[in-house]
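This chain uses plain numbering: 1 for the first residue, then up along the sequence. Hydrogens, waters and symmetry mates play no part in the numbers below; they use all other heavy atoms, side chains included.
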Amino acid sequence: MFIRASRSGKHTYLRLIEAYRDADGRTRHRQIAQLGRADQLSKEQVDALCASLRRLTGFQTPPLGTPEFEAAREVGGPWVLTELCRSLGLEDALRRALRSSRRQFDAEALVRLMVFNRICDPDSKLGVLRWLDGVVMPGLDLSGVHHQQLLRALDALDDAREALRRGMARVLKPLLDTEVSVVFYDLTTVRIHGEATVEDDVRRFGHPKETGGIARQFVLGLIQSADGLPLDFAVFEGHVGEVSTLLPMVQRVLSQYPVQRIVLVADRGLLSLDNVAELEALALPEGRRLDYILAVPARRYAEMPDLVRGLTFRDGVAEGVFQGRRLVVAHDPERAKVQTAKRRARIEALEAFGDMLAKKLDAQDEGEAGPGRRASDRGAFSRFMRRALDEKLTAFVQADLHAERFCFSRDEEALADAETLDGKLVLLTSLDAKDLPAAEAITRYKSLADIERGFRVLKSDIEIAPVYHRLPERIRAHSQVCFLALLLHRVMRMRLKAGGAGLSVERAFEKLRHVQLHKARIGEASVSGLTKMDATQRALFDQLKVPQPREAGL
């Protein structure tokens with residue numbers, strides 16, 4: 001229905017008109033009511049008519065007034081993560097593992113809150129509460145949460161770690177191949193604060209992988225599938241021997257997943273040739289095999305350059321035998337060229353520094369006084385060797401300590417050996433060529449870079465470190481929260497890639513952050529609504545295979 005104005009003589013009349021279709025389907029109009037002359041209708045009469053219509057139809061409109069807006073709260077990121085947890089079965093796995101009638105708070109909801117915060121805006125446990133003030137957790141009212149409840153939720157998470165591990169296996173199995181055959185294992189160090197010691201302390205002083213030096217830390221071991229999904233993790237003492245961490249992790253994976261044979265892929269930092277025999281001696285249950293593809297720190301072995309020179313490369317790949325085991329070597333000529341050029345440039349700069357020191361000494365011997373203190377051959381030797389150590393060039397350039405005058409020389413043989421290994425990736429494997437062609441061994445190893453990216457996500461995006469907890473159970477629970485965050489991060493990455501999004505997980509969250517809940521008051525009435533999404537934001541929900549947010553679901 002609508003209002004129609006029509007003139008008759010000098011006056012304009014208003015009529016209420018209804019549109020309808022006749023028996024033949026044609027649109028017709030008919031007058032429902034005569035509302036009178038427009039110039040004789042007062043504002044009060046119009047308001048009374050509108051109020052009567054609203055009352056009879058049940059429609060209400062807010063009274064006019066100045067709107068008061070509340071701070072917008074983020075919906076997009078928490079909504080996506082909630083729907084992912086629900087669709088994967090992770091929400092149910094957490095609820096089952098953390099079920100208890102003795103707690104006065106929802107531990108599952110608080111754990112999910114901490115996991116979501118790690119992905120969206122990583123912060124301390126106190127920072128989680130600040131973040132919560134600006135977001136909406138779909139289906140949850142967490143307005144009364146306090147810091148101590150978060151800590152108790154961590155304690156509950158550690159108490160339930162074995163039940164949760166079994167639940168996680170149920171969650172992950174549908175996402176994996178029917179038979180897991182290749183797993184990647186690596187360790188990283190995690191910085192941690194605190195000076196005092198506690199019982200069963202996992203904090204130890206060691207060498208952090210990313211910074212060097214000495215720092216208090218713990219060690220985190222991570223097993224990942226060939227598809228990039230994290231399968232399991234473990235927390236170890238900060239000075240643990242790397243090989244000793246392997247067997248318990250492998251045994252746990254074998255007990256949880258349908259693995260008939262494991263091909264372990266590991267970096268040269270985890271296992272060296274010196275302890276391959278220990279790896280081969282590991283006994284797996286039920287006679288299952290543990291094969292390996294290991295990177296060899298080739299420069300550590302004096303016989304390696306001569307062995308590599310004797311190999312025949314075809315399409316950049318060669319095979320050989322080293323200490324009775326199969327060796328696969330890949331050669332990248334472009335990378336070799338860059339490595340060789342950089343090393344020679346550093347050597348030339350060091351030699352130029354040595355020439356400058358020698359010229360200064362020669363000038364002094366000829367009676368020429370230069371600026372600064374008088375130089376000595378011993379001082380020149382010390383300065384030169386400090387520079388060589390800093391540049392890690394002592395294997396190629398040496399000063400002669402026993403010579404009467406300061407002098408140095410280049411070791412051409414050592415330099416030639418180093419250049420022989422430039423651009424080479426040297427792998428050791430227990431698999432023969434029939435089971436694993438050389439090119440495939442190279443491909444498998446290069447996939448290990450993906451688990452390294454997982455560690456970078458843990459350390460940069462999820463910010464697992466620095467850790468301020470001191471109790472081992474809290475450290476384990478914090479690591480569990482970060483592991484769950486990494487799992488959701490990886491699932492999102494897989495879905496974005498499969499959906500052709502062309503966005504990283506981080507860029508996706510930047511887009512989702514602008515999907516917000518807005519509330520305003522006008523007089524006594526309140527109105528609310530979600531941000532109108534653009535095409536990119538709407539597409540993200542389709543690519544992530546989650547429904548678009550609905551205000552009713554918040």
With side-chain hydrogen bond (donor to acceptor under 3.5 Å, both in side chains) as the rule and sequence neighbours excluded, what pairs involving residues 427-438 come up? D291-S430
Taking all atoms of both residues into account, what is the closest heavy-atom pair of A336 and H331, and its distance? CB-CE1, 3.7 Å
Between side-chain atoms of residues 74-93 and protein atoms elsewhere (two or more places apart, or another chain), which donor-acceptor pairs fall under 3.5 Å?
unit_1, atom_1, unit_2, atom_2, d
W79, NE1, P547, O, 2.8
T82, OG1, P78, O, 2.7
E83, OE2, R86, NH1, 2.9
S87, OG, E83, O, 3.1
S87, OG, L84, O, 3.1
E91, OE2, R95, NH2, 2.9
D92, OD2, R96, NE, 2.8

Do K424 side-chain atoms and T420 backbone N/O form a donor-acceptor pair below 3.5 Å? yes
Give the minimum heavy-atom separation between P305 and A302, together with the two atoms involved. CD-O, 3.3 Å
Parallel, tilted or perpendicular for F384 and F408, by the 30°/60° rule? parallel
With a sphere of 6.0 Å drawn around CD of E413, does it hold more than 12 non-hydrogen atoms of other residues, nucleotides or ligands? no
Run the salt bridge (charged side-chain N to carboxylate O under 4.0 Å, His left out) test on R99 and E108 for me, step by step, so that the C-alpha distance in whole Å, both residues' side-chain angles and the decisive distance to 0.1 Å come before the verdict. CA-CA 8 Å; R99 182 182 293 125; E108 181 271 331; over 6 Å; no
Closest contact, heavy atoms only, E319 versus L311: O-CD2, 3.3 Å
For F236 and F218, I'd like to know if the aromatic rings sit close, meaning centre-to-centre distance below 6.0 Å. no
Examine the side chains of Q224 and R490 and answer whether a donor and an acceptor come within less than 3.5 Å of each other. yes
Before you tell me yes or no, could you show the steps for D411 and V397 under side-chain contact (heavy atoms from CB on, under 4.5 Å), namely the whole-Å CA-CA distance, both residues' side-chain angles and the distance that decides it to 0.1 Å? CA-CA 6 Å; D411 188 334; V397 183; over 6 Å; no
Are L113 and M137 side-chain neighbours, meaning at least one heavy-atom pair lies under 4.5 Å? yes
Working for side-chain contact (heavy atoms from CB on, under 4.5 Å), residues R203 and Q217: CA-CA 5 Å; R203 301 169 300 168; Q217 63 187 22; over 6 Å; no
Please determine whether the number of non-hydrogen atoms from other residues, nucleotides or ligands lying under 6.0 Å from atom CZ of R346 exceeds 12. yes
Atom pair CH2 (W131) and CG (N117), whose distance is rounded to the nearest 0.5 Å: 5.5 Å
Can you check whether F396 reaches L393 side chain to side chain, under 4.5 Å on heavy atoms? yes
I want to check something: taking the side chain as every heavy atom from C-beta on, are P472 and D201 in contact at a cut-off of under 4.5 Å? no
Within a strict 4.5 Å, meaning less than it, do heavy atoms of the L428 and R326 side chains meet? no
Spacing of CG belonging to L220 relative to OG1 belonging to T245, to within rounding of 0.5 Å: 10.5 Å
Search all heavy atoms of P230 against all heavy atoms of L222 and return the closest pair with its distance. CB-CD1, 4.1 Å
Can you tell me how far apart CD1 (I347) and CD (E391) are? Round to the nearest 0.5 Å. 10.5 Å
D390 atom CG: more than 12 heavy-atom contacts under 6.0 Å: yes
Flag if over 12 foreign heavy atoms under 6.0 Å of CZ, R216: yes
Output every pair passing salt bridge (charged side-chain N to carboxylate O under 4.0 Å, His left out) with a member in residues 496-507, not counting sequence neighbours, ordered by first then second residue. R507-E510
Checking side-chain contact (heavy atoms from CB on, under 4.5 Å) for the pair L175/L172: CA distance, chi angles, key distance, verdict? CA-CA 5 Å; L175 305 178; L172 289 170; 4.2 Å; yes
Evaluate L154 against V111 for side-chain contact (heavy atoms from CB on, under 4.5 Å), listing each step before the verdict. CA-CA 7 Å; L154 287 178; V111 168; over 6 Å; no
Option among E473, R118, M114 that satisfies the side-chain contact (heavy atoms from CB on, under 4.5 Å) test with H478: R118
Electrostatic pair R161-D158, nearest N-O below 4.0 angstrom: yes
With E162 via side chain to side chain contact (heavy atoms under 4.5 Å, CB included) - residues at least two apart: R165, R166
Rounded to the nearest 0.5 Å, what separates atom OH in Y301 from atom CD in Q323? 7.0 Å
Heavy-atom closest pair, residues A441 and L436: CB-CD2, 3.5 Å
Taking C-beta and beyond as the side chain, do V426 and F322 meet within less than 4.5 Å on heavy atoms? no
Using atom types as modelled and distance alone, determine if a side-chain donor or acceptor of Q256 lies under 3.5 Å from a backbone N or O of A169. no
Stepwise salt bridge (charged side-chain N to carboxylate O under 4.0 Å, His left out) test for R335 and D422: CA-CA 7 Å; R335 180 175 175 80; D422 284 346; over 6 Å; no
Please lay out, stage by stage, how D417 and R309 fare under the test salt bridge (charged side-chain N to carboxylate O under 4.0 Å, His left out). CA-CA 9 Å; D417 285 347; R309 289 189 189 101; 2.5 Å; yes
So do the side chains of L540 and L503 get within less than 4.5 Å of each other, counting heavy atoms only? yes
Would the distance check show the side chain of T340 and the main-chain N or O of K337 forming a donor-acceptor pair, the cut-off being under 3.5 Å? no
Between Q537 (side chain only) and D534 (backbone N and O only), is there a donor and an acceptor less than 3.5 Å apart? yes
Residue list, side chain to side chain contact (heavy atoms under 4.5 Å, CB included) with A539, at least two apart or on another chain: Q543
Nearest heavy-atom neighbours spanning R343 and A418: CZ-CB, 3.9 Å
The side chain to side chain contact (heavy atoms under 4.5 Å, CB included) partners of A109 (sequence neighbours excluded) come to D106, L140, L142
Can you find a pair of side-chain heavy atoms, one from L176 and one from L231, that are under 4.5 Å apart? yes
With rounding to the nearest 0.5 angstrom, report the CG to NE2 distance, L487 to H489. 11.5 Å
P549 vs V515 side-chain heavy atoms within contact, under 4.5 Å: yes
Pairwise distance CG(L264) to CE(M249) - rounded to 0.5 angstrom: 11.0 Å
